[in-house]
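Keep in mind that the numbers below use all heavy atoms, side chains included, and drop hydrogens, waters and symmetry copies.
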Amino acid sequence: MPELPEVETICRTLREGTPTSPSLLGNIISGARVFWARSLETPGVEEFYSRLPGQSINYIDRRGKFLVFSLNRDSLLIHLRMSGDILIEAVDSPIAKHHRLVVNFQNDTRMAFNDPRKFGRVWLVAKPEAVTRRLGPEPLEEEFTAADLYHRLQTSHRQLKPLLLDQSFLAGLGNIYADESLNLAHLHPLVSSQSVTEEQAYRLWASIRQVLNEAILRNGSSIDWVYRGGDFQDYFRAYDREGQPCLECGTIIQRIRVGQRSTHYCPQCQKLP
DNA sequence: ACGAGCGCCTGTCGGC
DNA sequence: TGCCGACAGGCGCTCG
């Protein structure tokens, strides 16, 4: 489920709390349990157990698709990959089937990392940059300008879709929001990046930000059995709309394979030059 | 430098 | 009903 808007939604929920679940800020960690060792990227399980107790959650942030928990001495980073989710529950509730790791708090609640497909990863490190250092710019930050995007496109010779999925080019886009952004910008997913004009780059920049901001306003997208409570899926323009009419021109949305990923686009609005 | 293919995993869905 | 392949919001690796 997790691209930037979904991770941002989870991040805000954990940081700010909801009527039914209070903020995690200030929670003191009492311990942890790992049920699937490969979910823990670093350190080893024993060190993970010994370093966590006594540290409290001072802040919760997002970098790309990573959740970043700032503790007293360390940072706890979680990447949800394809099927990961974060649940807050009572410490004495049963361990659900796909719980891979839990962090217990002194207030008798716990944070569970639930991940059916086991692709997600957790890091406990002294410096978060050790994990996030290779990420590209944050698309919603003010410092990320259209001129910046244009120059980055110029320095690459790749197709737009795989480039947008490359987290070192831009942090946070995944398959859904790459397709949505390209559709809104009227750019074909196979267009070569260095052929994009300044005006097209501006359109892509504005489209990426518009799509991500609207998705965050709708708490992200909910698809299949991994449900998060967002409803941006009801506003998709291209993604998962193969065979349906383009909302702008009525042409049937096509699905092709690009870099092993399903790619949806309107052949009329998004023409190859 | 780039794209293709594959591995990592479990679950769901459609076709036969 | 059961089986089987295709597919899924990600990413790191190898190989041409």
A:His98 vs B:dG11: side-chain N/O to OP1/OP2 distance below 4.0 Å: yes
Contact nearer the 5' end of DNA chain B, comparing A:Arg38 with A:Ser156: A:Ser156
P spacing across the pair B:dG5 / C:dA8, given as an integer number of angstrom: 16 Å
Near-ring test A:Tyr265/A:His188, centroid separation under 6.0 angstrom: yes
Rounded interatomic separation in angstrom, taking CD from A:Glu6 and P from C:dA8: 16 Å
Atom-to-atom span, CZ of A:Phe113 to P of B:dT10 - whole angstrom: 14 Å
Distance in angstrom units between A:Met82 CE and B:dT12 P, rounded: 15 Å
A:Trp36 side-chain proximity, nearest of C:dG10, C:dA8, B:dC9: B:dC9
Side-chain N or O of A:Ser262 closer than 4.0 Å to phosphate OP1/OP2 of C:dA8: yes
A:Phe236 and A:Tyr239 aromatic ring geometry - parallel, tilted or perpendicular at 30°/60° bounds: perpendicular
A:Phe119 ring over B:dC8 six-membered base ring, under 5.5 Å and 30°: yes
Separation of atom CH2 in A:Trp123 from atom P in C:dG12, rounded to whole Å: 8 Å
Distance test, side-chain N/O of A:His79 to OP1/OP2 of C:dC11, below 4.0 Å: yes
A:Phe35-A:His99 aromatic ring centre distance below 6.0 Å: no
G-U wobble or Watson-Crick pairing nucleotide for C:dC15 (cut-off 3.5 Å, both distances): B:dG3
B:dC6 to C:dA6 separation - P atoms, rounded to the nearest Å: 12 Å
Whole angstrom value for the distance that separates P of B:dT10 from CG of A:Asp85: 18 Å
Matching residue for A:Leu173 among A:Val211, A:Leu4, A:Ile208 - test: side chain to side chain contact (heavy atoms under 4.5 Å, CB included): A:Ile208
N or O in side chain of A:Lys118 less than 4.0 angstrom from B:dC8 OP1/OP2: no
More than 12 heavy atoms from other groups under 6.0 Å of OH on A:Tyr202: no
Side chain A:Ser195, main chain A:Ser192, donor-acceptor under 3.5 Å: yes
Ring centre gap for A:Trp123 and A:Phe66 strictly below 6.0 Å: yes
Rounded distance (Å) that lies between atom C1' of C:dC7 and atom CD1 of A:Ile256: 17 Å
Pair of N/O donor and acceptor under 3.5 Å linking B:dG5 base with A:Gln260 side chain: yes
N or O in side chain of A:Lys97 less than 4.0 angstrom from B:dT10 OP1/OP2: no
Sugar-phosphate, base or nothing in reach of A:Arg257, heavy atoms under 4.0 Å: sugar-phosphate
A:Arg218 to A:Tyr235 six-membered ring, cation-pi geometry met (6.0 Å, 45°): yes
Nearest-Å distance for atom pair CZ/C1', residues A:Arg255 and C:dA6: 9 Å
N/O (side chain, A:Lys65) to phosphate O (OP1/OP2, C:dG10) under 4.0 Å: yes
Nucleic acid contacts of residues 157-188 of chain A, taken as heavy-atom distances under 4.0 Å to DNA chain B: A:His157, A:Arg158, A:Gln159
Rounded distance in Å - CZ (A:Arg261) to P (C:dC11): 8 Å
